[in-house]
Amino acid sequence: RWGAATYAVLYVYAHAEREGETRSGLAAAGSRAGAQGLKPREVGEEAAARACRLLGAGRCPSGTYTVVLEQQVVGGLLSAIAPAFSAEAIQKGRSVFADRIGSGLGPPSFHLWDDGLCVDGPSSFWFDDEGVARTTRTPLIHNGVLASFLYDSRTAARGDTSSTANAVRASYRSLPLPSTTNLIVEVPGSGDIQALAERVGDGLYVVEVNGLHSGINSISGEISVGVSGLLIRGGSLCEPVHEITMATDMPALFAGITDAAGDTAWDYVHGGVLTPSLALRDIA
């Protein structure tokens, strides 16, 4: 059965240098078929391309931009935001989403699932770390509305509900806590990054994000992270820029989604997140 598998992940961290300037790029791939399911050459070429594209990066003017978040950047942001969906955080009042069930967060076409049964997901298995069977995926945001949280048995009993089979142990030494399995983004999208940039017209294409854990506050929902990328002018990807602070908050991040590319793929750099690249409006 699909749950019995040897899961392998390959990371490649490449460096590019030109005239004394050095940039780096990270790429990854995963496979539930073991190492034979990986493609090292493709991962290496992707890491090298990521490193080279930021050579010669300058600054960009401060302002409010339409931002295109590359698929890997979306994965990183969602992984860092995910603890705010934990019932443990909700019950302790340590999540910006407390008391917001049923509230609109994003466009009606946007869905965010936790899916521990996704066949090719890196965190998929038939039951969680308490032995609770997984029978369905959990809608966190459904039709743009905050729909549910992630429960283990303890938080479910405290909240007079049922476990969502999201108990996760960091190791055999620790007690389980509710956490994500595989995060799945569903939103209509089409074309590649270039096609999405053409639809955006003018903005910023973000290809790298730093300070995810220090720059995201689950309690207040504030997001302030360092990013690098390429300016978008007249629908074209132009010169690279860096040393940028991107500031928003979690509700505004979801509410700002306006478009998506058709490049849905797993982000293995930040864990199991299946997502396309997204376009967001009004980002400082």
Side-chain angles (χ1 to χ4, degrees), residues 1-5 7 30 32 74-106 108-187 213 216 218-219 221 250-251 253-254 264 266-268 270-275:
R1 297 178 66 182
W2 61 263
Y7 191 76
R32 293 184 68 91
V74 178
L77 285 169
L78 289 179
S79 295
I81 289 170
F85 292 103
S86 163
E88 180 83 6
I90 296 297
Q91 292 171 355
K92 291 182 177 180
R94 302 185 63 183
S95 170
V96 67
F97 299 130
D99 301 320
R100 295 194 62 169
I101 283 288
S103 300
L105 287 182
S109 59
F110 180 79
H111 308 271
L112 177 63
W113 306 87
D114 180 89
D115 190 349
L117 293 173
C118 185
V119 173
D120 57 347
S123 298
S124 297
F125 205 66
W126 310 305
F127 50 83
D128 70 2
D129 288 350
E130 290 179 323
V132 176
R134 291 174 176 148
T135 59
T136 185
R137 58 183 182 174
T138 301
L140 299 176
I141 301 174
H142 186 61
N143 293 328
V145 174
L146 182 61
S148 182
F149 300 120
L150 305 175
Y151 291 89
D152 60 3
S153 295
R154 181 174 51 85
T155 54
R158 189 186 297 157
D160 193 26
T161 186
S162 300
S163 171
T164 56
N166 281 92
V168 175
R169 292 180 185 268
S171 78
Y172 70 91
R173 296 184 179 93
S174 61
L175 293 173
L177 289 171
S179 186
T180 57
T181 58
N182 308 298
L183 288 175
I184 313 292
V185 173
E186 290 183 4
V187 60
H213 297 288
I216 294 182
S218 295
I219 300 174
M250 294 182 195
L253 186 76
F254 293 117
T264 297
W266 286 102
D267 169 34
Y268 296 102
H270 301 99
V273 183
L274 182 64
T275 179

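Values below: every heavy atom of this structure, side chains too, minus hydrogens, waters and symmetry copies. Bear in mind the structure is a predicted one, so any value in this text is a computation, not a measurement.
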*Asks:* Test side-chain contact (heavy atoms from CB on, under 4.5 Å) on R134 and D115; report intermediate values, then the result.
*Replies:* CA-CA 9 Å; R134 291 174 176 148; D115 190 349; over 6 Å; no
*Asks:* Any idea which heavy atoms bring A165 and A133 closest together, and the distance?
*Replies:*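 For A165 and A133, the tightest heavy-atom pair comes out as CB-O, 3.8 Å.
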*Asks:* Does any non-hydrogen side-chain atom of P122 lie less than 4.5 Å from one of N182?
*Replies:*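 A side-chain contact under 4.5 Å exists here.
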*Asks:* Within a strict 4.5 Å, meaning less than it, do heavy atoms of the S123 and Y7 side chains meet?
*Replies:*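 With C-beta onward as the side chain, the pair stays apart.
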*Asks:* Side chains of T275 and I184: does their closest heavy-atom pair fall under 4.5 Å?
*Replies:*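 No. Closest side-chain heavy atoms not under 4.5 Å.
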*Asks:* Is there a side-chain contact between N166 and F149, using heavy atoms and a 4.5 Å cut-off?
*Replies:*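 Answer no - side chains too far apart.
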*Asks:* Would you please name every residue forming a side-chain hydrogen bond (donor to acceptor under 3.5 Å, both in side chains) with T181, sequence neighbours left out?
*Replies:*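 By the side-chain hydrogen bond (donor to acceptor under 3.5 Å, both in side chains) rule, T181 matches D114.
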*Asks:* Looking only at heavy atoms, which two atoms of A89 and P83 are closest? And how far apart?
*Replies:*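 Looking at all heavy atoms of both residues, the shortest contact is CB-O, 3.6 Å.
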*Asks:* Carefully, step by step, assess L112 and L78 under the rule side-chain contact (heavy atoms from CB on, under 4.5 Å).
*Replies:* CA-CA 10 Å; L112 177 63; L78 289 179; 4.3 Å; yes
*Asks:* Quick one: closest heavy-atom pair of L175 and R169, and the distance?
*Replies:*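 Scanning both residues completely, I find the closest heavy atoms to be CA-NH1, 3.9 Å.
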*Asks:* When you measure from the side chain of S95 to the backbone of A84, do you find a donor-acceptor pair of N or O atoms at a distance under 3.5 Å?
*Replies:*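 At least one qualifying donor-acceptor pair exists.
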*Asks:* How far apart are the closest heavy atoms of F110 and V185, and which atoms are they?
*Replies:*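 Of all heavy-atom pairs spanning F110 and V185, the closest is CE1-CG1, 3.7 Å.
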*Asks:* Side-chain polar contacts of residues 135-144 - donor-acceptor pairs under 3.5 angstrom, sequence neighbours left out - could you list them?
*Replies:*
{"unit_1": "R137", "atom_1": "NH1", "unit_2": "E186", "atom_2": "OE2", "d": "3.1"}
{"unit_1": "R137", "atom_1": "NH2", "unit_2": "E186", "atom_2": "OE2", "d": "3.3"}
{"unit_1": "H142", "atom_1": "ND1", "unit_2": "H111", "atom_2": "ND1", "d": "3.2"}

*Asks:* For a quick test of your reading: what N or O donor-acceptor pairs under 3.5 Å do the side chains of residues 155-162 make, sequence neighbours left out?
*Replies:*
{"unit_1": "T155", "atom_1": "OG1", "unit_2": "D152", "atom_2": "N", "d": "3.1"}
{"unit_1": "T155", "atom_1": "OG1", "unit_2": "D152", "atom_2": "O", "d": "3.3"}
{"unit_1": "T155", "atom_1": "OG1", "unit_2": "D152", "atom_2": "OD1", "d": "2.6"}
{"unit_1": "R158", "atom_1": "NH1", "unit_2": "Q91", "atom_2": "OE1", "d": "2.8"}

*Asks:* For V145 and L105: C-alpha separation, side-chain torsions, deciding distance, then whether side-chain contact (heavy atoms from CB on, under 4.5 Å) applies.
*Replies:* CA-CA 6 Å; V145 174; L105 287 182; over 6 Å; no
*Asks:* Report yes if the side chains of R154 and E88 come closer than 4.5 Å at any heavy-atom pair, otherwise no.
*Replies:*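 Result yes, sub-4.5 Å side-chain heavy-atom pair found.
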*Asks:* Does S171 use its side chain to pair, donor to acceptor, with the backbone of R173 at less than 3.5 Å?
*Replies:*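 Indeed, once roles are kept as given, a pair shorter than 3.5 Å links the two residues.
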*Asks:* Under 3.5 Å, side chain of T164 to main-chain N/O of Y151, donor-acceptor pair present?
*Replies:*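 Yes.
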*Asks:* Report yes if the side chains of F97 and I90 come closer than 4.5 Å at any heavy-atom pair, otherwise no.
*Replies:*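 Yes, their side chains come closer than 4.5 Å.
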*Asks:* Just how far is it from atom OG of S148 to atom CH2 of W113, taken to the nearest 0.5 Å?
*Replies:*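 These two atoms lie 10.5 Å from each other.
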*Asks:* For the residue pair D120 and W266, establish whether any side-chain heavy-atom pair is separated by less than 4.5 Å.
*Replies:*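 Result yes, sub-4.5 Å side-chain heavy-atom pair found.
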*Asks:* Between S79 (side chain only) and H270 (backbone N and O only), is there a donor and an acceptor less than 3.5 Å apart?
*Replies:*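 Side chain of S79 to backbone of H270: a pair is present.
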*Asks:* Is there a donor-acceptor pair under 3.5 Å between the side chain of S86 and the backbone N or O of L150?
*Replies:*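 Checking the backbone N and O of L150 against the side chain of S86, no donor-acceptor pair under 3.5 Å is found.
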*Asks:* Starting at OG of S218, measure out to CD1 of I216 and round the result to the nearest 0.5 Å.
*Replies:*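 Going from OG on S218 over to CD1 on I216, the span is 8.0 Å.
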*Asks:* Under 3.5 Å, is there a donor-acceptor pair between the side chain of R32 and the main chain of G121?
*Replies:*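 Yes, because the side chain of R32 sits within donor-acceptor range (under 3.5 Å) of the backbone of G121.
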*Asks:* Is there a side-chain contact between D267 and V74 in this structure, where contact means two heavy atoms from C-beta onward sitting under 4.5 Å apart?
*Replies:*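 No, their side chains stay 4.5 Å or more apart.
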